Structures are given as structure tokens and as C-alpha cells.
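Below is one structure, written out as C-alpha cells; the observations come after it.
We're numbering straight along the sequence, starting at 1. The structure displayed is predicted, hence computed values, not measured ones.
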Amino acid sequence: LALLETISLKIQEIPSCIHFFFTEDQGVSSFPIFDCLILHIHQHDTRGERSRQACERLLDVSTTNRGSEIMQYILSTDFSSRVVSCTVECYTNICNAYATQADITSTYLNCLIFCSKILSVSPDQICEEIIAGLQKELFLGSLIPDFMSDDSLRIIQSSAFIQYYFRYVKSQTMLGLLWKLLLDNQKEPETKEDKRKHPLRNKLMSRLNATDDSIALASMGIIGSLIELHDEEVIDNLVLRNIPIFPLTTSEMVQNSATSKKWFQSITLTLESAEDKDILPYIHDAQLAV
């Protein structure tokens with residue numbers, strides 16, 4: 001594996017040399033270094049980490065340099081399903097760690113981070129295969145049933161994984177996959193009917209008042225991790241869509257004080273006529289923030 005890692009580093013440095021390691025004879029393709037690496041991506045030791053990093057480099061070079069033959073070969077392998085299985089195993093390991101009260105270390109999250117990185121460098125077809133696999137095997141197969149259960153341990157396990165997911169995943173496609181499933185990605189203000197239509201969101205919000213403090217804290221942790229995404233669409237869906245917005249006039253902003261109104265207007269006029277308008281973008285940003 002050390003040799004394969006070195007080869008992948010050299011390929012990353014000189015992308016054209018990737019073709020020395022890919023052969024095609026009488027319609028039969030072979031990419032042995034990739035075949036060897038994907039056998040170890042699920043492991044949690046240094047072998048697994050080396051294999052994951054090397055696979056990421058090879059996939060990035062193949063995508064960037066449009067190696068169509070190489071990419072077609074990668075698509076013909078079980079690479080996508082291995083990435084999905086690796087991520088599902090990450091969830092299983094985190095659940096087992098919570099069940100045995102073991103410490104959660106970075107090694108538990110390596111496969112989750114790897115999946116995120118692969119989605120960031122892969123072509124659309126591989127991304128679609130991985131996303132479909134995550135939906136079926138991870139979310140619908142394990143995570144959502146655990147989150148919707150009434151068993152406190154399963155709730156805490158799934159909630160913890162969701163927090164890790166939002167904090168360590170960087171792929172926007174992968175992030176959107178879960179938060180849209182969790183919050184339902186609606187634009188209109190919530191109604192009482194939404195509790196029946198969107199049970200996942202209703203579960204998350206109702207658990208904030210749970211009598212079991214560990215469940216309440218787990219739900220608050222999910223909301224905290226969503227806010228930390230600093231994503232305008234997420235914040236709008238989570239909170240802002242329920243807040244009515246009305247345009248304010250100058251008199252409403254400064255109440256009815258003549259002095260305050262005069263001061264506000266003088267500041268506005270001064271800024272608009274000033275030669276140095278560097279402060280105007282800051283005022284604009286402040287308005288958006290409010």
C-alpha cells in the first residue's frame with residue numbers, strides 16, 4: 001500500500017503518467033492499482049487511510065483530465081457501492097460506540113469524510129450512484145428508522161451521527177441530501193398540517209421539550225449544527241420562513257423623535273454625498289444582517 005500511495009502521489013504531480021498504469025487490450029481494460037486500493041478503503045487503520053487518500057487522488061486526476069476510458073473502467077467497478085458501504089459502516093461503528101460508552105475518535109469519521117471528498121471530485125454519474133446508495137442504505141435503511149423510533153438510545157445514536165454529519169461533511173450535495181430530508185425544504189410558513197406532512201421535522205422540534213434531557217440536548221445539538229453550516233437556505237428553512245417581514249419607514253425605525261429622525265437623515269445624506277464611500281458596503285451588510 002505504501003508503494004501504491006507513492007504512485008498515486010506521482011500521478012497527482014504528473015497527471016499524464018496515469019496512462020502507464022491503465023491498460024486496454026482487445027477491449028479488456030485493467031487498472032490494477034485502483035483495484036487494489038478499493039479493497040482497503042473500509043479499514044480504520046493506516047492502510048485504510050492511505051487507500052482512501054490514494055483513491056481520491058486517482059479519481060480527481062481521472063475526472064480533471066477527462067480520461068474517458070479510465071473513468072468508464074471506474075464506473076464498471078463496485079467502487080460506488082464500496083464507498084456507500086464504508087459510510088454505512090461508519091454509522092454502525094458510531095452507534096456501537098455509544099452503546100458501549102466508548103470514546104468517539106477521528107477514526108470513526110474517516111469514511112464519512114472520505115465519502116464527502118469523493119462526491120466533491122467525482123463526475124456526475126459516480127455522484128448519482130453514491131447519493132442513491134446513501135439514500136437507500138444509510139438514510140432509509142438505518143438512520144431515519146433509528147431517529148423516528150421511541151427508544152432513547154437509538155434516538156441519541158442517530159442524533160449524534162447527524163451532528164457529526166453536518167459538522168464534518170463538506171460536499172454541498174451530501175449536506176443538502178440530509179438537511180432537506182430532515183427539514184423538508186419548504187418556503188412557506190409552517191402550519192398545523194405540517195406536523196402530519198413532515199414527521200421528521202416535527203420529531204426534531206417536539207423533542208426540544210422532551211422530559212429526557214439527553215434527547216432534548218441531542219435535538220438542540222442537531223439544530224446547532226444546522227446553524228453552524230452558515231447556509232442561507234438552511235437558516236431560511238429552519239427559522240426565517242416563520243418570521244413575517246414588513247418594510248420599515250424612517251419614522252418607524254427612529255420612532256417619532258424629531259431629533260433622532262433629523263440625526264438619522266443627516267447621517268444618510270452625509271454618507272450618500274461623501275467622497276469616501278467605503279462605509280456604504282458595511283451599512284448595506286448591516287441592513288442585510290438585521
Side-chain angles (χ1 to χ4, degrees), residues 38-44 48-49 51-52 55-56 59 74-75 77-100 102 104-185 198-201 203-204 207 218-219 221-223 225-226 229 231 234:
I38 64 176
L39 297 175
H40 303 280
I41 61 174
H42 67 284
Q43 296 181 7
H44 299 288
E49 188 60 23
S51 299
R52 288 188 288 271
C55 282
E56 184 186 344
L59 194 60
I74 292 174
L75 287 168
T77 68
D78 60 349
F79 174 68
S80 297
S81 62
R82 285 181 179 273
V83 173
V84 173
S85 298
C86 181
T87 310
V88 173
E89 186 178 343
C90 171
Y91 175 66
T92 302
N93 290 335
I94 288 177
C95 289
N96 291 337
Y98 269 86
T100 59
I104 305 294
T105 62
S106 60
T107 56
Y108 287 91
L109 304 169
N110 286 337
C111 285
L112 179 64
I113 296 170
F114 171 66
C115 183
S116 172
K117 289 180 177 179
I118 289 299
L119 286 174
S120 299
V121 300
S122 298
D124 292 342
Q125 191 168 350
I126 290 181
C127 288
E128 290 170 1
E129 289 180 357
I130 293 174
I131 289 297
L134 289 176
Q135 285 179 318
K136 180 181 179 181
E137 297 183 34
L138 177 59
F139 297 146
L140 299 180
S142 301
L143 182 62
I144 299 306
D146 285 348
F147 184 77
M148 293 296 291
S149 75
D150 295 324
D151 181 77
S152 59
L153 179 59
R154 292 175 66 188
I155 293 170
I156 293 169
Q157 289 170 338
S158 57
S159 298
F161 179 81
I162 292 172
Q163 292 180 55
Y164 286 125
Y165 187 100
F166 286 134
R167 285 175 177 151
Y168 286 91
V169 168
K170 302 303 178 185
S171 164
Q172 292 301 313
T173 302
M174 198 170 168
L175 285 171
L177 183 65
L178 183 54
W179 80 252
K180 289 177 182 178
L181 183 65
L182 194 62
L183 300 181
D184 201 57
N185 194 27
H198 316 307
L200 280 175
R201 183 186 179 102
K203 280 284 187 182
L204 176 62
R207 284 175 181 163
S219 298
I222 292 175
I223 292 175
S225 60
L226 283 166
L229 291 176
D231 186 293
V234 173

*Any salt bridge (Lys or Arg N to Asp or Glu O under 4.0 Å) pairs touching residues 83-94, not counting sequence neighbours?*
none
*Quick one: are Met148 and Leu200 in side-chain contact, heavy atoms under 4.5 Å?*
yes
*Mind checking whether Leu59 and Ile126 have side chains closer than 4.5 Å, heavy atoms only?*
yes
*Return yes if some donor-acceptor pair links the side-chain N/O of Ser159 with the main-chain N/O of Ser219 below 3.5 Å, else return no.*
no
*Do Ser116 side-chain atoms and Lys170 backbone N/O form a donor-acceptor pair below 3.5 Å?*
yes
Identify the heavy atoms of [X] and [Y] that sit nearest to each other, and give their distance.
| X | Y | answer |
| --- | --- | --- |
| Phe147 | Ser158 | CA-OG, 3.3 Å |
| Cys127 | Leu119 | SG-O, 3.4 Å |
| His40 | Ser51 | CB-OG, 3.2 Å |
| Cys90 | Tyr108 | SG-O, 2.9 Å |

*Not counting sequence neighbours, list each pair that qualifies as a side-chain hydrogen bond (donor to acceptor under 3.5 Å, both in side chains) and has a residue in residues 139-150.*
Tyr91-Asp146, Asp146-Arg154
*asked:* Quick test of your reading: applying side-chain hydrogen bond (donor to acceptor under 3.5 Å, both in side chains), list the pairs with at least one residue in residues 127-138, sequence neighbours left out, ordered by first then second residue.
replied: Ser80-Glu129
_Among residues at least two apart in sequence or on other chains, which ones pass disulfide (SG to SG under 2.5 Å) with Cys86?_
Cys111
Could you give the side-chain donor-acceptor pairs of residues 174-183 under 3.5 Å, partners two or more places apart or in another chain?
none

_Approximate separation, where rounding is to 0.5 Å, of Ile131 CD1 and Phe139 CZ_ = 7.5 Å
*Glu49: partners by salt bridge (charged side-chain N to carboxylate O under 4.0 Å, His left out), with sequence neighbours left out*: Arg52
